[in-house]
Amino acid sequence: MVQVAVLGYGTVGSGVVEVLETNWESIAKKAGEEIKIKYVLDLRDFPGQPVEKVLVHDYEVIVNDPEVQIVVEVMGGVEPAFTFTKRALEAGKCVCTSNKELVARHGLELLELAKEKQVNYMFEASCGGGIPIIRPLSSSLTADEIDEISGILNGTTNYILTEMAEKYADFNKVLKEAQDKGYAERNPEADVEGHDACRKIAILSSLAYGSHVNYEKIYTEGITKITVEDMKYAAAMGKSVKLLATSKREGDKFSAMVCPVLVGRDNPLYSVSGVFNAIFVHGNMLGDAMFYGSGAGKLPTASAVVGDVVDCAKHLHENIMLGWSGKELELMDRKDTTHRFFVRVKGSVSENLEQAEALFGPVSLVEAEVAGEFGFVTELMSEGDFEEKAEKLPSMISRIRVRA
Ligand code: HSE
């Protein structure tokens with residue numbers, strides 16, 4: 001029997017307990033032994049609930065118990081999760097987590113510690129919730145040179161953008177409704193400002209390219225400035241606005257970015273709606289692959305965590321190499337990356353198009369019947385070039401990148 005301790009009895013922690021209890025028999029067959037929860041750590045009490053029998057408030061009980069071989073860290077946040085994880089690994093225990101913030105910030109150090117101690121640090125649930133993506137990148141697709149990962153990696157923002165597009169509803173109104181329904185956090189900043197997606201693309205890119213991607217160096221733009229008018233133009237173009245987290249290999253250079261993008265109908269990410277996540281991967285041998293599914297939520301996320309627990313149970317004292325090296329991947333200057341840009345401009349086509357074309361060259365007009373303004377799409381150009389030109393167009397309202 002393998003004994004497990006779960007740190008945190010919140011949404012994911014209670015999901016992990018539920019998955020292990022519901023599927024214990026099939027999980028035992030797959031793991032080769034029964035997996036049992038010995039402890040659940042939480043500051044709170046849960047009077048009258050079954051978890052009471054295994055509930056502890058002191059981490060020392062867990063870390064000092066040699067019978068605990070796997071620790072599930074689903075507390076979220078950096079501290080005390082980081083300290084608890086380090087101590088568990090130092091004590092020779094495997095750790096499985098859904099904590100993307102911790103993995104993006106300290107994953108490399110924790111993986112090195114796990115290797116030194118011949119145990120494992122696993123984080124399948126940190127990106128894409130229940131969608132298998134960490135294992136495909138680190139073991140199934142190792143024959144390939146991955147040259148692109150583009151993902152809808154945040155369910156909250158995808159839900160908001162979908163509602164805005166379908167109902168032509170304002171961002172703040174949809175956010176409020178999403179919070180009331182429990183889809184969005186009370187403090188939605190990490191989601192709507194793109195920080196959550198940024199951490200996830202940093203983790204995926206580190207695994208795909210084998211060198212550490214520092215999430216703090218990834219240019220990140222959220223969805224707070226997207227408006228109903230943008231959605232009307234998107235519909236007129238047959239495109240949808242998605243918060244894309246993208247990293248690309250361009251020759252011997254790499255770029256990474258998180259921002260709203262207009263995605264066309266021929267792109268598989270176009271129709272990913274609501275809280276769903278999807279990750280598009282391109283490999284030089286594989287070609288295109290797409291991973292799609294439930295990117296968040298109690299049971300999908302817990303399913304990914306427990307999948308890692310099973311893998312740890314099968315490799316208790318054998319470190320599985322993940323190929324995330326300490327060499328930091330140098331990212332291209334954002335200004336050198338190229339895109340087509342959708343631009344909204346105040347005024348009429350007859351009065352303003354000439355100036356726009358004088359600056360940007362030939363553009364494609366977009367008719368969406370939004371009063372007092374018009375829109376156009378530029379040719380492919382660098383971000384730096386676009387910004388220089390945009391500064392000379394004072395009537396510009398906004399711009400969104402268009403997927404080439
Ligand atoms: N807040 C995240 C999301 C949860 O909305 O996708 C899953 O990481």
Side-chain angles (χ1 to χ4, degrees), residues 73 76-79 81-83 85-86 89 95 97-116 121-128 133-134 136-138 141-142 145-154 157 189-223 243-261 277 279-282 321-339 382-384 401:
E73 184 275 296
V78 173
E79 281 298 352
F82 181 42
T83 304
T85 301
K86 266 201 301 196
L89 294 171
V95 178
T97 189
S98 58
N99 188 339
K100 58 252 167 151
E101 203 179 338
L102 183 60
V103 178
R105 192 175 293 205
H106 295 296
L108 179 61
E109 181 184 341
L110 293 168
L111 282 170
E112 282 170 355
L113 180 58
K115 191 173 173 196
E116 186 192 318
Y121 181 53
M122 293 194 175
F123 42 88
E124 181 62 71
S126 65
C127 301
I133 184 63
I134 301 290
L137 285 177
S138 58
L141 299 178
T142 44
E145 295 271 347
I146 302 296
D147 41 42
E148 178 180 345
I149 305 172
S150 285
I152 294 173
L153 293 174
N154 184 271
T157 45
E189 192 186 330
D191 292 317
V192 299
E193 297 294 356
H195 305 313
D196 179 73
C198 168
R199 291 177 192 125
K200 291 169 177 168
I201 194 70
I203 296 169
L204 297 179
S205 305
S206 299
L207 289 168
Y209 308 128
S211 298
H212 179 66
V213 175
N214 181 346
Y215 72 95
E216 289 172 312
K217 296 197 179 153
I218 298 178
Y219 174 79
T220 300
E221 216 179 274
I223 63 162
L243 182 69
L244 287 196
T246 299
S247 69
K248 281 186 186 163
R249 183 196 297 266
E250 301 182 26
D252 55 358
K253 294 184 175 159
F254 291 86
S255 65
M257 192 180 264
V258 176
C259 59
V261 176
N277 280 196
I279 304 117
F280 168 88
V281 177
H282 187 272
M321 214 178 80
L322 282 189
W324 175 343
S325 86
K327 189 170 163 276
E328 188 170 322
L329 195 75
E330 201 181 315
L331 296 176
M332 275 166 73
D333 186 337
R334 173 185 65 86
K335 293 198 171 175
D336 294 332
T337 63
T338 55
H339 306 272
S382 74
E383 293 251 336
R401 294 165 186 88

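Note that the numbering runs from 1 along the sequence shown for the chain.
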Would D147 and K248 pass as an ion pair if we require N to O under 4.0 Å?
no

Between F123 and I203, what is the shortest heavy-atom contact and its length?
CE1-CG2, 3.8 Å

Regarding S211 and E328, is there a side-chain donor-to-acceptor distance under 3.5 Å anywhere?
no

To the nearest 0.5 Å, how far apart are CG in L108 and CG in L113?
11.5 Å

Ring pair (Phe, Tyr, Trp, His ring centres under 6.0 Å) against F280, all qualifying residues, sequence neighbours excluded:
none

For residues V281 and I133, report the shortest heavy-atom separation together with the two atoms involved.
CG2-CD1, 4.2 Å

Note, I152 side chain near L244 side chain (heavy atom, < 4.5 Å):
yes

Excluding sequence neighbours, so at least two apart, what forms side-chain contact (heavy atoms from CB on, under 4.5 Å) with E221?
Y219, C259, P260, R399, R401

pair V213-S247: side-chain heavy atoms closer than 4.5 Å
no

Distance from K86 atom NZ to L110 atom CG, nearest 0.5 Å?
7.5 Å

Measure the spacing between CZ of R199 and CG of L204 and express it to the nearest 0.5 Å.
14.0 Å

Output for pair (D252 CG, M332 CE), nearest 0.5 Å, gives 10.0 Å

Sidechain-backbone polar pair: Y209 side chain, E145 backbone, donor-acceptor under 3.5 Å
no

Partners of Y215 by ring pair (Phe, Tyr, Trp, His ring centres under 6.0 Å), sequence neighbours excluded?
none

Contact summary for A208 and L137, nearest pair of heavy atoms:
CB-CD2, 4.3 Å

H106: which residues meet the ring pair (Phe, Tyr, Trp, His ring centres under 6.0 Å) condition with it, sequence neighbours left out?
F82

Taking the side chain as C-beta and beyond, is there a heavy-atom pair between T97 and L102 under 4.5 Å?
no

Main-chain N/O of D336 paired with S382 side-chain donor or acceptor, under 3.5 Å:
no

Could you tell me which residues satisfy side-chain contact (heavy atoms from CB on, under 4.5 Å) with A114, sequence neighbours excluded, listed by chain and number?
L89, V119, Y121, N319

Identify the heavy atoms of K217 and L331 that sit nearest to each other, and give their distance.
O-CD1, 3.8 Å

Roughly how far, to the nearest 0.5 Å, is the NE2 atom of H195 from the CD atom of E216?
11.5 Å

Quick one: CZ on R105 to NZ on K100, what's the gap to the nearest 0.5 Å?
14.0 Å

Measuring only between side-chain heavy atoms, which start at C-beta, is M257 closer than 4.5 Å to E383?
yes

List the atom of V258, the atom of A197, and the distance in Å for their closest heavy-atom pair.
CG1-CB, 4.0 Å

Suppose we screen for side-chain contact (heavy atoms from CB on, under 4.5 Å). Which residues come up paired with T142, at least two apart in sequence or across chains?
none

Please check if the side chain of N154 supplies one atom and the backbone of T157 the other of a donor-acceptor pair under 3.5 Å.
yes

Under 3.5 Å, is there a donor-acceptor pair between the S126 and E124 side chains?
no

Determine whether a donor-acceptor pair (N or O, by modelled atom type, separation under 3.5 Å) exists between the side chain of K200 and the backbone of L153.
yes

Give me the atom names and distance for the closest heavy-atom approach of I201 to S205.
O-OG, 2.6 Å

Evaluate whether atom CD of E330 has more than 12 neighbouring non-hydrogen atoms of other residues, nucleotides or ligands under 6.0 angstrom away.
no

